[in-house]
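First the structure, in the form of C-alpha cells, and then the observations on it.
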Amino acid sequence: MRFTTVSKTLAMLIASVALLSACSTPVKEEPKTVPVVEAKPEVKQPEPEVKKVEATVIDTTNGPQGVKTEVFFDFDKYDIKDEYKPVVEGHAKFLVANPNRSILVQGNTDERGGREYNIALGQKRAEAVRKALSLLGVKETQVEAVSLGKDKPRATGSDEASWAQNRRADIIYKK
C-alpha cells in the first residue's frame, strides 16, 4: 500500500511540474507599431508684404539703417531664401565693421504645431541666420540665437497671411 501512495504522490508531482512548465511558456507579443503621421502637402503661400527702404546710411547705435530686421521663412522650413540674403549680408557688414556690437536672433513660428516642435523649428531658423552671419565673417561671440516658437506672433489671425508674418527670425541689436 505504501508503494501506491508514493506512486500517486510522484505522479501528482510530475503532473504539477508539467502543468507549471506549460504555463511558463512566454506569450509571443505582437510587435508594437508606431502610427505614421503623414506630412501635409506643401502649399505655396503668399509672401509677406515687405516695405522697401532706399536709405543705406549706417547708424552705429542701433544697427544698419535701411536694412530690414527680419527674415521670413516658408512653412515648416528654416533655409534662408535668396530674397532675404541681402538682409543677412547687410547686418554682417555692419557687425564686422563694429566688432563691439552684438545681436540677438529670435526664431519664430506660426501657431500651428505643438509647443516642442515650434520651439525646435524656431531655434533652427535662428541658427540658420546665425550660421549665415558667421560664414560672412561675424564673430560667434557677437550673435546669440534663441527660439520663441509661437509665443511672439506679429499677426494674430489664423489665416495664411497671418501665419506668413509669424514665420520669421528677428534681428535685435543689444545695447
Side-chain angles (χ1 to χ4, degrees), residues 32-56 58-59 61-96 98 100-175:
K32 295 181 181 178
T33 58
V34 178
V36 176
V37 179
E38 293 185 28
K40 296 178 184 176
E42 191 169 322
V43 178
K44 182 68 178 167
Q45 294 123 7
E47 295 296 321
E49 187 176 318
V50 179
K51 296 178 183 176
K52 294 188 178 186
V53 179
E54 298 296 323
T56 57
I58 294 181
D59 176 359
T61 59
N62 291 322
Q65 291 275 321
V67 178
K68 298 173 196 139
T69 58
E70 64 274 323
V71 175
F72 291 94
F73 296 88
D74 288 332
F75 175 72
D76 200 30
K77 302 284 185 194
Y78 56 91
D79 53 319
I80 299 173
K81 298 190 286 186
D82 289 340
E83 66 191 276
Y84 294 104
K85 288 181 181 175
V87 172
V88 175
E89 291 166 357
H91 289 284
K93 287 178 186 174
F94 178 83
L95 289 166
V96 167
N98 297 279
N100 59 330
R101 298 303 312 273
S102 62
I103 61 170
L104 175 66
V105 181
Q106 295 177 334
N108 297 277
T109 65
D110 60 36
E111 65 188 37
R112 300 172 288 181
R115 177 154 180 78
E116 293 84 15
Y117 178 81
N118 283 337
I119 291 292
L121 181 58
Q123 188 66 37
K124 288 177 184 178
R125 288 175 176 169
E127 288 295 327
V129 173
R130 186 193 61 74
K131 287 176 186 174
L133 289 165
S134 177
L135 289 172
L136 294 168
V138 177
K139 293 184 217 169
E140 298 275 335
T141 57
Q142 289 179 271
V143 184
E144 181 183 356
V146 298
S147 175
L148 298 179
K150 60 184 176 182
D151 293 339
K152 188 180 173 186
R154 175 170 289 164
T156 57
S158 292
D159 56 20
E160 187 52 45
S162 297
W163 293 331
Q165 287 291 311
N166 295 333
R167 294 189 304 261
R168 70 188 190 285
D170 293 321
I171 299 171
I172 301 166
Y173 278 80
K174 298 179 182 180
K175 297 282 180 187

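- Interatomic distance, Phe94 CZ to Gln65 CD, rounded to the nearest 0.5 Å: 9.5 Å.
- In this structure, Arg167 contributes its side chain and Phe73 its backbone to a donor-acceptor pair below 3.5 Å.
- Rounding to the nearest 0.5 angstrom, the gap separating the CG atom in Leu121 from the CD atom in Glu116 is 13.5 Å.
- Between the side chain of Asn108 and the main chain of Gln106, a donor-acceptor pair closer than 3.5 Å is present.
- The minimum heavy-atom distance between Ile80 and Val71, with the atom names listed, is CG2-CG1, 4.2 Å.
- Put simply, the side chain of Thr69 reaches to within 4.5 Å of the side chain of His91, judged on heavy atoms.
- Asp110 places no side-chain N or O within 3.5 Å of a backbone atom of Ser162 that could act as its donor or acceptor partner.
- For Gln142 (side chain) and Arg101 (main-chain N/O), a donor-acceptor pair under 3.5 Å exists by modelled atom type.
- Among the candidates Lys131, Arg130, Arg125, the single residue satisfying the side chain to side chain donor-acceptor pair (under 3.5 Å) test with Glu127 is Arg130.
- Closest heavy-atom contact between Ala132 and Val88: CB-CG1, 3.8 Å.
- In this structure, CG on Leu133 lies 5.0 Å from CD1 on Ile103, to the nearest 0.5 angstrom.
- Between the Asn166 side chain and the Arg154 main chain, a donor and an acceptor come within less than 3.5 Å of each other.
- Between Asp151 atom CG and Ile119 atom CD1 the span is 5.5 Å, to the nearest 0.5 Å.
- Looking at heavy atoms from C-beta onward, Lys152 lies in side-chain contact with Asp170 at the 4.5 angstrom threshold.
- Between Thr109 atom OG1 and Arg115 atom CZ the span is 9.5 Å, to the nearest 0.5 Å.
- Judged by distance alone, the side chains of Ser102 and Glu144 never bring a donor and an acceptor atom under 3.5 Å apart.
- Residues Glu111 and Pro153 fail the side-chain proximity criterion, which asks for heavy atoms closer than 4.5 Å.
- Looking only at side-chain heavy atoms (C-beta outward), Val146 and Leu104 come within less than 4.5 Å of each other.
- When all heavy atoms of Ala126 and Gly107 are compared, the pair lying nearest together is CB-N, 3.7 Å.
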Q | side-chain contact (heavy atoms from CB on, under 4.5 Å) assessment of Leu136 paired with Val96 | A | CA-CA 9 Å; Leu136 294 168; Val96 167; over 6 Å; no
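- A 4.5 Å side-chain heavy-atom check between Tyr173 and Leu95 finds at least one atom pair inside the cut-off.
- In this structure a side-chain-to-backbone donor-acceptor pair under 3.5 Å is present from Gln123 to Ala145.
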